[in-house]
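Below: the structure, in structure tokens.
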Amino acid sequence: MMLRIYADYREKNSGVPDIIKELGAIVIFDNLSVGDYVISDEIAIERKSVEDLVNSVFDKRFFDQLSRLSEAYAKPFILIEGDMEKVRKITSRWKAINSALTSAILEFDLRVVYSNDRKESAEIIYKIAEKSSTSQNKKILNLHEKPKFESLRDMQLYVVEAFPQIGSKLAERLLEKFGSIERICNASVSELEKVLESRKKAEEIYKVIHTTYTNKKEERNNKTSLLDFLEPK
């Protein structure tokens with residue numbers, strides 16, 4: 001059986017999932033609540049470039065991300081991609097980065113791995129999946145461990161980000177344009193398209209919202225398309 005690795009949609013353009021596929025794994029894209037790659041019910045990986053590592057430490061995203069990762073998965077990994085010597089060139093406070101990594105290891109039982117480039121990152125992710133493959137399919141993966149929300153705004157963004165191919169930026173853009181989740185759900189395909197700048201994304205979201213839910217048995221017997229429920233203008 002081929003290895004299955006779940007990747008966040010935002011990793012799609014990084015090139016890493018394509019290399020993982022070339023190595024022989026099946027990559028399934030999803031809107032992951034935490035982490036960039038999910039290997040099993042216990043293992044998830046947060047991939048960070050050296051630049052993103054530095055930025056996330058100083059803008060205080062780093063510990064929030066790793067806290068949620070460790071809450072959701074028993075064996076959390078952080079994969080740091082790039083030359084760590086660049087840290088000294090990016091900031092004079094490079095010791096703070098080492099301190100943050102040390103604290104994360106001790107506080108969140110984090111496993112830290114390093115790669116030189118995206119090819120090596122893909123190889124590491126594949127190898128982790130390969131090593132854990134014996135237990136990978138024994139349990140149903142929970143890809144959507146709910147984070148702790150600090151505000152109603154965070155809850156609203158979380159709901160909208162659950163739509164297919166909608167990241168944090170598009171979720172915020174939709175909420176700013178329509179004002180509420182209810183108005184997003186009531187929007188036409190054309191109205192969604194104007195905000196998303198993609199007809200395909202607009203149609204997919206519209207279909208998710210307006211298609212009647214069916215169980216698995218009914219789903220096998222009924223195939224619907226957008227034209228089945230779009231009212232003529």
Salt bridge flag under 4.0 Å for residues [X] and [Y]:
{"X": "K127", "Y": "E130", "result": "yes"}
{"X": "E203", "Y": "K207", "result": "no"}
{"X": "K86", "Y": "E51", "result": "yes"}

May I ask you to decide if [Y]'s main-chain N or O and [X]'s side chain share a donor-acceptor pair within less than 3.5 Å?
{"X": "S99", "Y": "A96", "value": "no"}
{"X": "E107", "Y": "A104", "value": "no"}
{"X": "T211", "Y": "V208", "value": "no"}
{"X": "E120", "Y": "N116", "value": "yes"}
{"X": "R111", "Y": "D109", "value": "yes"}
{"X": "D36", "Y": "D8", "value": "no"}
{"X": "R68", "Y": "S33", "value": "yes"}

Could you grab the distance from atom [atom1] of [X] to atom [atom2] of [Y], nearest 0.5 Å is fine?
{"X": "I124", "Y": "I20", "atom1": "CD1", "atom2": "CD1", "result": "10.5 Å"}
{"X": "Y158", "Y": "N31", "atom1": "OH", "atom2": "CG", "result": "10.0 Å"}
{"X": "S56", "Y": "K48", "atom1": "OG", "atom2": "NZ", "result": "3.5 Å"}
{"X": "S188", "Y": "K194", "atom1": "OG", "atom2": "NZ", "result": "7.5 Å"}
{"X": "R10", "Y": "K169", "atom1": "CZ", "atom2": "NZ", "result": "10.5 Å"}
{"X": "Y206", "Y": "I184", "atom1": "OH", "atom2": "CD1", "result": "15.0 Å"}

Is any side-chain heavy atom of [Y] closer than 4.5 Å to one of [X]?
{"X": "F163", "Y": "I209", "result": "yes"}
{"X": "E71", "Y": "F108", "result": "no"}
{"X": "E85", "Y": "K89", "result": "no"}
{"X": "Y73", "Y": "E42", "result": "no"}
{"X": "V112", "Y": "L79", "result": "no"}
{"X": "Y37", "Y": "E46", "result": "no"}
{"X": "I80", "Y": "V113", "result": "no"}
{"X": "K12", "Y": "F29", "result": "yes"}

Walk me through it: do I45 and K75 pass the test side-chain contact (heavy atoms from CB on, under 4.5 Å)?
-> CA-CA 9 Å; I45 302 167; K75 299 176 182 178; over 6 Å; no

CG of D59: more than 12 outside heavy atoms within 6.0 angstrom?
->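 Correct, the count exceeds 12.
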
More than 12 non-hydrogen atoms from neighbouring residues, nucleotides or ligands closer than 6.0 Å to NZ on K21, yes or no?
->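 More than 12 within 6.0 Å, yes.
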
Measure across [X] and [Y] and return the closest heavy-atom pair with its distance rounded to 0.1 Å.
{"X": "F63", "Y": "A100", "value": "CZ-O, 3.7 Å"}
{"X": "R173", "Y": "V195", "value": "NH1-O, 3.0 Å"}
{"X": "H210", "Y": "C185", "value": "NE2-O, 3.3 Å"}
{"X": "G15", "Y": "R118", "value": "CA-NH1, 4.0 Å"}
{"X": "L110", "Y": "P76", "value": "CD1-O, 3.8 Å"}
{"X": "I166", "Y": "A171", "value": "CG2-N, 3.6 Å"}

Please test E81 against S121 for side-chain hydrogen bond (donor to acceptor under 3.5 Å, both in side chains), starting from the C-alpha separation and ending with a verdict.
-> CA-CA 7 Å; E81 184 179 295; S121 291; 2.5 Å; yes

Any chance you could lay out the side-chain contact (heavy atoms from CB on, under 4.5 Å) test for L174 and L192, step after step, and finish with the verdict?
-> CA-CA 8 Å; L174 283 166; L192 291 169; 4.2 Å; yes

Stepwise side-chain contact (heavy atoms from CB on, under 4.5 Å) check, L3 with Y126 = CA-CA 8 Å; L3 295 174; Y126 182 86; 3.6 Å; yes

Walk me through it: do I78 and L69 pass the test side-chain contact (heavy atoms from CB on, under 4.5 Å)?
-> CA-CA 10 Å; I78 179 169; L69 191 68; 5.9 Å; no

